[in-house]
Amino acid sequence: MPRPGAPPLNGLAPPPRRPPRAGQSRQAALTCSLSAAGVRRAHPCSHRPEASGEGRGRGTLRRSAPRTPRSGVWGVLAHRLPGDPMASEGLAKALTAVLGGQGLLVQSYDSEPLGNPRVPVRLRKNVCYVVLAVFLNEQDEVLLIQEAKRECRGSWYLPAGRMEPGETIIEAMQREVKEEAGLHCEPVTLLSVEERGPAWIRFVFLARPTGGTLKTSKEADAESLQAGWFPRVSLPTPLRAHDVLHVIDLAAQYLQQARHPLILPQELPCSLVCQRLVATFTSVQTVWVLVGTGGMPHLPITACGFTSVEQRGGIKVAVLRLLQECLTLHNLAVETKGLLGLQHLGRDHMDGICMNVLVAVAFRNPGIEEEPPKVRSENYFWWKVMEEDLQSQLLQRLQESSVVPVSR
Ligand SMILES: C[C@@](O)(CCOP(=O)(O)OP(=O)(O)O)CC(=O)O
């Protein structure tokens with residue numbers, strides 16, 4: 001339930017703790033016009049650090065829709081288009097960084113909710129972020145805390161809690177574990193991200209203790225009554241909620257066989273909840289990646305909206321909105337595989353989050369389509385990844401879904 005008395009920000013009601021489930025997605029068009037001078041886009045994209053690079057390109061900047069540049073319209077970009085080694089090198093660097101779980105500065109958005117002013121997110125005002133930690137010891141026991149809150153007093157749960165303004169995601173997780181279980185800890189990896197639209201996001205970590213002493217019932221306080229280690233196969237009852245069972249299984253599976261590389265939030269500022277897309281098309285061991293043309297060619301970013309439609313539809317609505325702006329989706333299947341990484345700062349009122357998401361675009365009737373679907377917007381093009389190592393990394397991540405799952 002929304003925190004009593006939390007004032008709505010810009011008409012946005014404070015987010016419920018766990019808003020209702022999904023609904024429809026929404027069509028939204030991005031208007032982006034080229035200036036009369038033809039050399040700079042009206043699009044807010046200015047500098048794109050991720051595509052600034054030098055040296056020989058490692059890919060071809062391929063346009064699957066023939067471009068008919070008007071005279072002078074592409075002045076600045078003309079030298080950045082197909083075959084330009086600098087842009088290709090910059091894209092390869094950006095893709096390498098994102099595949100490695102690193103972050104890239106967010107300085108503008110390729111797609112934004114139509115009609116909605118760009119409202120910076122404010123923790124505990126229009127977004128609620130929750131952290132939750134899973135600890136499994138060598139005896140296959142899981143760390144649980146006994147809740148002290150009136151509404152769930154005496155029930156057992158994983159150490160969890162809502163983030164507070166000014167802290168990073170990892171600091172929040174460490175604070176909640178110390179408050180509720182008495183232990184110092186460090187994160188091992190993100191295990192999953194749960195979302196009910198951009199207003200409620202929960203970060204689930206696999207973590208390990210680094211010190212402190214387990215909280216006993218003698219130390220009961222408002223945060224928790226006590227903490228304890230319990231065999232994973234016979235947990236105490238009652239549980240506060242059964243959603244933790246899946247999360248505990250995820251942790252056990254990860255420790256048996258890591259499904260994805262270790263992925264941890266990167267501390268980079270962002271003012272909105274947004275997603276950087278690694279939107280791919282694969283054909284016969286070849287991979288194309290959708291690229292934005294605003295400024296330097298870059299991995300496109302879509303900003304999440306806070307309308308009830310976007311809340312109900314979940315963060316995938318923003319992904320579909322961007323893709324609808326450049327592709328004809330009715331004959332395409334779009335699958336968000338999961339997270340390659342995420343970035344958030346928390347300090348300096350920068351409460352936004354940028355999730356680097358791996359998306360697979362395919363024809364619904366996979367015939368022998370060797371070429372990516374036609375791009376019907378000059379704001380995007382398909383970049384064919386030629387560099388073998390990068391190509392095999394992408395194919396492996398796609399084929400094995402080697403990403404942090406995002407669930408609703
Ligand atoms: C279970 C959760 O609500 C996590 C929040 O747990 P708490 O209710 O303990 O929150 P804090 O008071 O901030 O510690 C997850 C959810 O359903 O929102």
Side-chain angles (χ1 to χ4, degrees), residues 1-6 13-22 121-135 142-185 187 190-207 212 215 217 219-228 230 235-251 265 273 306 311-312 314-315 344 346 351 353 405-408:
M1 293 304 291
R3 279 161 20 93
R17 284 176 73 109
R18 187 181 279 271
R21 283 191 168 280
V121 294
R122 283 284 178 274
L123 197 56
R124 302 265 178 132
K125 300 249 186 278
N126 57 8
V127 289
C128 174
Y129 301 151
V130 178
V131 289
L132 183 141
V134 189
F135 297 79
V142 63
L143 176 69
L144 295 177
I145 61 101
Q146 194 173 28
E147 297 285 357
K149 286 186 175 57
R150 179 180 42 78
E151 66 269 21
C152 53
R153 189 173 183 84
S155 62
W156 294 88
Y157 204 67
L158 291 168
R162 288 161 297 166
M163 283 181 60
E164 295 173 0
E167 59 187 1
T168 66
I169 295 170
I170 290 174
E171 288 168 346
M173 187 272 289
Q174 292 172 320
R175 174 183 53 75
E176 285 291 345
V177 171
K178 186 67 177 71
E179 287 173 355
E180 297 186 352
L183 299 181
H184 298 296
C185 71
L190 274 168
L191 279 177
S192 76
V193 170
E194 301 160 353
E195 55 93 4
R196 300 277 181 274
W200 186 95
I201 302 177
R202 183 158 80 168
F203 306 97
V204 179
F205 287 92
L206 174 64
K215 190 172 186 178
S217 54
E219 294 151 313
D221 59 16
E223 298 296 340
S224 68
L225 300 178
Q226 61 180 322
F230 299 89
L235 300 178
T237 56
L239 291 175
R240 174 175 182 180
H242 284 80
D243 55 352
V244 293
L245 298 176
H246 167 65
V247 163
I248 293 169
D249 286 345
L250 261 186
V273 176
F306 282 75
Q311 294 284 29
R312 285 200 310 273
I315 63 173
H344 161 271
D351 293 339
I353 289 173
V406 179
S407 59
R408 291 181 55 64

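This one's a predicted model, so the numbers in the text were calculated from it and none came from an experiment. Every heavy atom of this structure was used, including side-chain atoms; hydrogens, water molecules and symmetry mates were not. Whatever order the structure lists ligands and atoms in, that order sets their numbers, starting from 1.
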Please determine if [X] has a nitrogen or oxygen closer than 3.5 Å to a nitrogen or oxygen of ligand 1.
X: Lys149; result: yes
X: Glu147; result: no
X: Arg202; result: no

With heavy atoms only and a cut-off of under 4.0 Å, state how Glu176 meets ligand 1: side chain, backbone, both or neither. side chain

Does only the side chain of Arg240 get under 4.0 Å from ligand 1, or the backbone, or both, or neither? Count heavy atoms. side chain

Return the set of residues passing side-chain contact (heavy atoms from CB on, under 4.5 Å) with Arg175 (not counting sequence neighbours), or none when no residue passes.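 Expected list: Glu164, Glu167, Ala172, Glu179.
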
For Ala220, enumerate each residue passing the side-chain contact (heavy atoms from CB on, under 4.5 Å) test, keeping only those at least two apart in sequence or located in another chain.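 Expected list: Leu225.
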
Which of the numbered atoms in ligand 1 are under 4.0 angstrom from any heavy atom belonging to [X]?
X: Ala160; result: 6 (O), 9 (O), 14 (O)
X: Tyr157; result: 1 (C)
X: Gly161; result: 5 (C), 6 (O), 10 (O), 11 (P), 13 (O), 14 (O)
X: Glu180; result: 9 (O), 14 (O)

Is there a donor-acceptor pair closer than 3.5 Å between any side-chain N or O of [X] and the backbone N or O of [Y]?
X: Arg312; Y: Gly197; value: no
X: Glu195; Y: Ile315; value: yes
X: Tyr157; Y: Val244; value: no

Ion pair Glu194/Arg408, N-O distance below 4.0 Å: no

Is a salt bridge present between Asp221 and Lys215, judged by a nitrogen-to-oxygen distance below 4.0 Å?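 Salt bridge flag = yes for Lys215 with Asp221.
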
